[in-house]
Amino acid sequence: GDVPADATAYWSARASDVSVFHLDGKALWDAAWACVEAAAGPEETAEARAEMLRNLGMDPGEAIVRRLGPTWSLSMATIPGPLPIPSIDLAIQCDDPAGVMDAIGTLLAASGEAELRETGREGEPRIASVAVPGGFLPVTPTLAADGGWLVFGLAPVSVRPAIARRAKGG
């Protein structure tokens with residue numbers, strides 16, 4: 001299909017370092033549950049979904065996966081510095097990126113091990129990073145809701161410049 005210009009506007013990497021692909025989150029989630037139902041049966045599958053709703057207050061697939069796509073843009077690069085860090089960044093077309101961020105925050109909070117902390121600055125899109133209170137992560141997974149896109153990176157140092165590049169037109 002056609003590739004929206006925004007799909008590549010986030011990344012300054014050479015074109016060979018950027019992959020754009022189509023993945024329908026709705027179809028993916030439905031197919032996953034169809035496989036579960038085929039293996040476990042309809043009653044067990046319905047109970048598993050009901051338990052998810054009881055425990056989390058939401059169905060992660062409905063709140064997250066079904067909202068993703070159809071266009072995904074992947075960039076793999078290296079963040080320069082004294083210790084170069086590999087960076088894998090995604091920009092995913094999304095019908096409600098802020099809602100997806102809220103759902104991810106709910107899942108992290110339910111784990112009791114991590115949380116999504118807002119790190120955005122005034123005048124920029126909503127940005128939040130995963131934090132592990134009292135723990136350690138070698139990377140800082142970061143999400144941003146930027147228009148109709150959910151931008152994900154392994155560190156805020158890749159997400160903020162990506163948003164700025166898109167705002168300037170790539």
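Everything numeric here is computed off the predicted structure, so don't read it as measured data.
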Determine whether [X] and [Y] make a side-chain contact, defined as any pair of heavy atoms from C-beta on separated by less than 4.5 Å.
X	Y	result
I127	I163	yes
P97	W149	no
L56	T106	no
P60	L107	yes

Can you measure from [atom1] ([X]) to [atom2] ([Y]) and round to the nearest 0.5 angstrom?
X	Y	atom1	atom2	answer
L116	T119	CG	OG1	8.5 Å
E118	M101	CD	CE	5.5 Å
L150	Q93	CG	CD	12.0 Å
T140	L154	OG1	CG	9.0 Å

Validation: residues 29-39 side-chain donor-acceptor distances under 3.5 Å, sequence neighbours left out:
| residue | atom | partner | partner atom | Å |
| --- | --- | --- | --- | --- |
| D30 | OD1 | R66 | NH1 | 2.6 |
| D30 | OD2 | R66 | NH1 | 2.9 |

With sequence neighbours left out, write down each residue that passes side chain to side chain contact (heavy atoms under 4.5 Å, CB included) with A103, or none if nothing qualifies.
M58, A63, I64
Under the salt bridge (charged side-chain N to carboxylate O under 4.0 Å, His left out) definition, can you give me all pairs with a residue in residues 99-112, not counting sequence neighbours?
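Salt bridge (charged side-chain N to carboxylate O under 4.0 Å, His left out) check on residues 99-112 returns D102-R126.
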Which pairs, with at least one residue in residues 105-115 and sequence neighbours excluded, count as a salt bridge (charged side-chain N to carboxylate O under 4.0 Å, His left out)?
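The answer is E115-R117.
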Quick one: list whatever passes side chain to side chain donor-acceptor pair (under 3.5 Å) with [X], sequence neighbours left out.
X	result
E51	none
E124	R160
D24	none

With clusters defined by side-chain heavy atoms of hydrophobic residues (ILVMFWY) lying less than 4.5 Å apart, directly or transitively, does V65 cluster with L53?
no
Side-chain donor-acceptor pairs under 3.5 Å in residues 128-137, sequence neighbours left out?
| residue | atom | partner | partner atom | Å |
| --- | --- | --- | --- | --- |
| S129 | OG | T142 | OG1 | 2.9 |

Any side chain to side chain donor-acceptor pair (under 3.5 Å) involving residues 41-50? Give me the pairs, sequence neighbours left out, ordered by first then second residue.
E47-R54, R49-D59
